[in-house]
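Worth saying up front: this structure is predicted, and the values here are computed from it rather than measured. Order of the sequence lines fixes the chain letters, A, B, ..., with proteins taken first and strands second; residue numbering starts at 1 for each chain. The figures here come from the full heavy-atom set of this structure, side chains too, leaving out hydrogens, waters and symmetry mates.
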2 protein chains.
Amino acid sequence: MRDNKSKYHHGDLRAALIGEAVDMIADGGVESLTMRDISGRLGVSRAAPYRHFPKKSDLLVAVAASGFEGLRDRMQAMDAAAPRSSVERVRRLGEEYVRFAIENPAQYRLMYGKEALSRQDLPVLREAANAIFDHLVLVIRAHQKSGGIKRQDPRMMAFVAWSSVHGLASLIIEGQILTEIDVDELIRQTTRTLLDGMRVHRTCSTRKS
Amino acid sequence: MRDNKSKYHHGDLRAALIGEAVDMIADGGVESLTMRDISGRLGVSRAAPYRHFPKKSDLLVAVAASGFEGLRDRMQAMDAAAPRSSVERVRRLGEEYVRFAIENPAQYRLMYGKEALSRQDLPVLREAANAIFDHLVLVIRAHQKSGGIKRQDPRMMAFVAWSSVHGLASLIIEGQILTEIDVDELIRQTTRTLLDGMRVHRTCSTRKS
DNA sequence: CCCGAGTGTTGACACTGTCAACATAACCCG
DNA sequence: CGGGTTATGTTGACAGTGTCAACACTCGGG
């Protein structure tokens with residue numbers, strides 16, 4: 001029932017829609033995705049997608065959700081393979097985050113911009129984003145316990161860390177980084193500065209490096 | 001010729017378009033701005049705007065450019081009024097940056113997202129963004145000279161700083177910050193961590209605060 | 001005074017998201 | 001096996017959109 005000539009029923013249109021949408025968005029951006037176009041590519045009529053996604057924005061939400069899954073998997077894999085030094089854990093987590101955004105710019109934009117998304121379905125995405133954030137909080141809390149670290153609210157510090165990597169990722173994928181800057185070095189510098197900033201607070205003797 | 005009953009010629013349609021577009025985007029977002037709607041609001045026919053902006057995206061670029069002007073003015077004013085302590089200068093600059101984004105979320109999104117903008121006219125915006133960035137580089141370079149600071153490439157460090165505040169601003173205006181977090185405190189914490197991270201590098205004795 | 005350039009208008013077109021009505025296939029229960 | 005219920009896909013239609021071409025008006029300078 002899934003791959004022979006009987007073409008009236010597609011077999012698994014819902015999954016095919018999400019996959020094709022990811023591809024179309026990857027090259028061409030969100031605005032290059034049109035209901036009629038994606039229907040045609042899947043050899044189906046223009047209204048067929050509406051049996052699975054009542055609104056176009058619902059399809060976009062699904063694409064964003066799949067992006068969150070991919071990001072979560074990558075970060076968990078990275079964290080599992082990371083050395084036990086808490087500093088390295090935080091640093092690698094941040095770098096992997098930025099790398100994901102660089103490799104999937106349009107999808108990343110969709111995940112964190114409410115521009116193209118309907119206001120209501122954000123809870124689904126919110127939950128997915130929270131899962132990743134909670135993991136970050138855990139890692140940062142562990143890092144704080146390792147000593148020599150500011151005793152700030154780990155949630156607060158997690159937001160600070162998230163701001164750094166999210167901002168860096170955004171600037172890079174929006175093309176705001178001057179070409180003369182070495183992006184890899186910039187990523188390293190960002191995580192380094194962040195970690196140094198988390199280490200001490202006002203009490204460090206000012207001494208030139 | 002500008003305000004009496006002779007209504008065939010609007011007087012200064014171009015400026016009126018930008019102003020109205022700013023308002024419409026401010027409440028309703030970019031997608032609530034439609035060529036036909038804005039024409040109606042200004043008592044003009046739907047094709048009239050095209051005498052001043054060949055494409056809708058050109059109007060959006062103008063809106064973004066006006067946003068950059070506003071941001072630049074605010075940051076320059078803040079910097080002029082700031083105390084001479086270089087730490088305070090950097091901190092206040094960052095906080096003012098985030099505040100601008102919070103107060104003009106849709107416009108800020110337009111300024112830094114290439115989503116709704118045509119690819120070609122970015123040079124204009126690039127220049128406006130660069131002006132602000134260059135100012136930041138200056139302030140950071142001055143801060144570095146004040147002592148006790150990493151001797152990193154100031155351009156690089158400016159990007160790190162920019163990433164922090166841009167990321168924080170983005171997360172806030174996209175509604176990603178949990179409600180239980182005090183946003184003002186988060187802003188302060190972000191700039192504080194950033195400044196601490198810029199101060200020293202690997203050479204600071206690890207001591208609990 | 002007139003005419004050309006600047007500006008505004010009208011009609012039209014292709015394209016979009018979306019819905020209602022209909023058609024077909026799959027599935028389930030007797 | 002058969003018939004009906006449900007899930008899925010199709011077609012036609014509509015309103016709204018950006019944008020262009022052809023036309024109309026008006027103002028400033030020769």
Side-chain angles (χ1 to χ4, degrees), chain A residues 1-21 24-25 28-64 106 110 114-121, chain B residues 1-21 24-25 28-64 106 110 114-121:
Chain A
M1 75 173 60
R2 59 175 46 110
D3 53 358
N4 42 20
K5 57 271 183 187
S6 153
K7 278 303 176 187
Y8 191 95
H9 280 63
H10 178 277
D12 191 358
L13 183 56
R14 183 188 164 88
L17 279 166
I18 297 180
E20 189 69 24
M24 292 178 67
I25 288 176
V30 190
E31 54 199 5
S32 82
L33 171 59
T34 197
M35 285 291 119
R36 296 166 122 95
D37 192 6
I38 197 175
S39 303
R41 284 163 191 252
L42 296 178
V44 106
S45 86
R46 75 227 130 144
Y50 288 91
R51 294 291 155 187
H52 304 271
F53 302 99
K55 297 262 175 189
K56 180 186 181 181
S57 64
D58 293 323
L59 173 57
L60 295 181
V61 167
V63 171
L110 201 57
K114 69 170 121 173
E115 203 61 16
L117 274 44
S118 71
R119 313 270 164 265
Q120 281 71 351
D121 306 276
Chain B
M1 73 172 63
R2 60 178 44 112
D3 53 357
N4 42 20
K5 56 270 182 187
S6 154
K7 277 303 176 188
Y8 193 95
H9 281 63
H10 178 278
D12 191 358
L13 183 56
R14 183 187 165 90
L17 280 167
I18 298 180
E20 189 69 23
M24 291 179 67
I25 287 175
V30 189
E31 52 197 5
S32 83
L33 170 60
T34 200
M35 285 292 121
R36 296 166 124 96
D37 191 7
I38 196 174
S39 302
R41 284 163 191 252
L42 296 177
V44 106
S45 86
R46 76 226 128 143
Y50 288 90
R51 295 290 157 193
H52 304 272
F53 303 98
K55 299 261 176 188
K56 179 185 181 181
S57 63
D58 293 323
L59 173 56
L60 295 181
V61 167
V63 171
L110 202 57
K114 70 169 118 177
E115 203 60 16
L117 274 43
S118 72
R119 316 266 163 266
Q120 280 72 350
D121 307 276

Between [atom2] on [N] and [atom1] on [X], what's the gap in Å once rounded to a whole number?
| X | N | atom1 | atom2 | answer |
| --- | --- | --- | --- | --- |
| Glu31(A) | dG17(C) | CD | C1' | 16 Å |
| Arg51(A) | dA20(C) | CZ | P | 10 Å |
| Met35(A) | dG16(D) | CE | P | 20 Å |
| Tyr50(A) | dC19(C) | OH | P | 8 Å |
| Leu42(B) | dT7(C) | CG | C1' | 15 Å |
| Asp37(B) | dA15(D) | CG | P | 18 Å |
| Ile38(A) | dC15(C) | CD1 | P | 19 Å |
| Phe53(B) | dC20(D) | CZ | C1' | 18 Å |

Q | Heavy-atom check, side chain of Leu59(B) versus side chain of Ile38(B), under 4.5 Å | A |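 The answer is yes, as the side chains (C-beta and beyond) meet within the 4.5 Å cut-off.
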Q: Verify the contact: side-chain N or O of His52(B) to OP1 or OP2 of dG8(C), cut-off strictly under 4.0 Å; return yes or no.
A: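 Result: yes.
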If you check the [X] side chain, which of [options] turns out closest?
| X | options | answer |
| --- | --- | --- |
| Thr34(A) | dT18(C), dT19(D), dG17(C) | dG17(C) |
| Lys56(B) | dA21(C), dG17(C), dT19(D) | dT19(D) |
| Val44(A) | dG9(D), dG8(C), dT18(C) | dG9(D) |

Q: Please name all residues satisfying salt bridge (Lys or Arg N to Asp or Glu O under 4.0 Å) with Arg41(A), sequence neighbours left out, ordered by chain then number.
A: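 If we apply the salt bridge (Lys or Arg N to Asp or Glu O under 4.0 Å) test to Arg41(A), skipping adjacent residues, the hits are Glu20(A), Asp37(A).
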Q.
Tell me every residue that passes salt bridge (Lys or Arg N to Asp or Glu O under 4.0 Å) with Asp12(B), counting only those two or more places apart in sequence or in another chain.
A.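 Checked Asp12(B) against salt bridge (Lys or Arg N to Asp or Glu O under 4.0 Å); zero matches.
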Q. For DNA chain C, whose closest nucleotide is more 5', that of Leu13(B) or that of Leu33(A)?
A.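 Comparing both residues, the 5'-ward one is Leu13(B).
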Contacts table for residues 45-56 of chain A: side-chain donor-acceptor under 3.5 angstrom, sequence neighbours left out:
residue: Lys56(A); atom: NZ; partner: Leu33(A); partner atom: O; Å: 2.9

**Q.** Closest non-hydrogen atom pair between Ala106(A) and Ile25(A), with its separation
**A.**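 Shortest heavy-atom contact: CB-O, 3.2 Å.
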Between the protein and nucleotides 11-14 of chain C, list every N/O to N/O distance that falls short of 3.5 Å.
residue: dG11(C); atom: N7; partner: Arg46(B); partner atom: NH2; Å: 2.4

Q) Who passes side chain to side chain contact (heavy atoms under 4.5 Å, CB included) against Ala64(A), sequence neighbours left out? A)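 So Ala64(A) forms a side chain to side chain contact (heavy atoms under 4.5 Å, CB included) with Leu110(A), Met111(A), Leu125(A).
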Quick test: give all pairs of protein nitrogen or oxygen and nucleotides 4-7 of chain D nitrogen or oxygen below 3.5 Å, distance rounded to 0.1 Å.
none

Q: Assign Ser45(B) to base, sugar-phosphate, or nothing according to its heavy-atom contacts below 4.0 angstrom with the strands shown.
A: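 Here Ser45(B) touches the bases of the nucleic acid.
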**Q.** Estimated bend of the helix from dC1(C)-dG30(D) to dG30(C)-dC1(D) (axis per five terminal pairs, rounded to 10 degrees)
**A.**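 Result, rounded to 10 degrees: 0°.
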